[in-house]
Amino acid sequence: KQEVTQIPAALSVPEGENLVLNCSFTDSAIYNLQWFRQDPGKGLTSLLLIQSSQREQTSGRLNASLDKSSGRSTLYIAASQPGDSATYLCAVKEATSGTYKYIFGTGTRLKVLA
Amino acid sequence: DVKVTQSSRYLVKRTGEKVFLECVQDMDHENMFWYRQDPGLGLRLIYFSYDVKMKEKGDIPEGYSVSREKKERFSLILESASTNQTSMYLCASIPWGGAGGPGNEQYFGPGTRLTVT
């Protein structure tokens, strides 16, 4: 059974720091991995989607990498800002025939201090 | 611009009531999902629909049913609301991604915070 883990559960950093968020999954048979941001009490906003054939994706100050064989993805945030404070979640789509399921991690709660 | 809307941001219902949560997407997406999100448990899939009138159970379907009469609208129904259904409910859609397919980005609605008293 696929399990997705995000460590640490919470992180607090000073403004301007570069940081890395981690996402691990137990079964490398995935179709894609997606990173989301969630602000308190709100829905999820898609940040980056990496297909299983890709190694990384970039959007602005965000860079996500995928190493399927080791079951890991990282989200790199450059020059963090207080506005980056949110919970970051990753989700994988299992490459199991006949399934539409996405498995989510429980997230990393990030606080960027001004 | 991609848009998924949910009928209410906050809802308070009494135990035993029948509750309808509505989700509408304007992107002509085939696949729609209902999740609930609880602290420490993350997002859990309740039901999903891969076409009009087609649905499949997710991981926690007990106490819920769904309806998809039109492509753009996916409704979650709590047949008889109970206090353990107090939660944040999130709707999502993806454009395609048939059985075994890779699919594309999931787009989420703003969520409905349901409290059952």
Side-chain angles (χ1 to χ4, degrees), chain A residues 1-10 23-25 28-54 57 59 62 64 66 68 86-109, chain B residues 1-6 9-10 23 25 27 29-51 54-60 87-115:
Chain A
K1 182 186 168 189
Q2 176 77 269
E3 290 182 7
V4 180
T5 305
Q6 293 184 251
I7 294 173
C23 173
S24 300
F25 46 95
S28 61
I30 64 169
Y31 274 122
N32 60 46
L33 184 146
Q34 193 170 359
W35 281 94
F36 297 89
R37 168 193 174 126
Q38 185 177 31
D39 293 292
K42 302 267 179 79
L44 278 66
T45 300
S46 177
L47 297 174
L48 289 163
L49 171 73
I50 311 178
Q51 300 291 356
S52 62
S53 58
Q54 298 175 318
Q57 283 281 354
S59 176
L62 305 180
L66 175 64
K68 248 182 35 163
T87 296
Y88 291 80
L89 297 105
C90 64
V92 300
K93 181 166 185 186
E94 295 184 303
T96 304
S97 177
T99 183
Y100 294 78
K101 288 179 65 172
Y102 292 79
I103 310 300
F104 283 80
T106 51
T108 294
R109 193 169 60 252
Chain B
D1 213 11
V2 165
K3 195 133 188 182
V4 180
T5 56
Q6 294 184 230
R9 290 299 313 279
Y10 301 95
C23 175
Q25 49 92 5
M27 301 161 284
H29 286 178
E30 293 178 2
N31 305 281
M32 297 185 74
F33 305 79
W34 275 107
Y35 296 93
R36 63 177 283 177
Q37 184 179 32
D38 301 287
L41 296 176
L43 272 81
R44 292 179 290 167
L45 182 63
I46 305 171
Y47 267 97
F48 60 92
S49 168
Y50 50 93
D51 202 350
M54 306 301 286
K55 61 189 180 189
E56 282 202 25
K57 294 178 181 180
D59 296 318
I60 50 164
S87 186
M88 170 71 110
Y89 289 87
L90 293 163
C91 174
S93 71
I94 61 170
W96 56 278
N104 279 324
E105 283 182 84
Q106 290 185 85
Y107 295 93
F108 277 81
T112 296
R113 170 74 63 187
L114 173 67
T115 302

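Only a predicted model underlies this, so the values are computations on that prediction, with no experimental measurement involved. Residue numbering restarts at 1 for every chain, and letters A, B, ... go by the order of the sequence lines.
Side-chain N or O atoms of B/Gln6 include one that pairs as donor or acceptor with a backbone N or O of B/Tyr89 at under 3.5 Å. A/Gln6 places a side-chain N or O within donor-acceptor distance of the main-chain N or O of A/Tyr88, the cut-off being under 3.5 Å.
Looking at B/Arg9, only its side chain comes within 4.5 Å of chain A, counting heavy atoms on both sides. In this structure, chain B has a heavy atom under 4.5 Å from the side chain of A/Leu89, while its backbone stays farther away.
Classification of the B/Phe108-A/Phe104 ring pair by plane angle, with boundaries at 30° and 60°, yields perpendicular.
In terms of non-hydrogen atom pairs under 4.5 Å with chain B, the most contact-rich of A/Val4, A/Ile30, A/Thr106, A/Leu44 is A/Leu44. The candidate with the highest count of non-hydrogen atom pairs below 4.5 Å against chain B, out of A/Gly107, A/Gly41, A/Gly105, is A/Gly41.
Put simply, CD on A/Gln57 and CG on A/Leu33 are 11.5 Å apart, with the number rounded to the nearest 0.5 Å.
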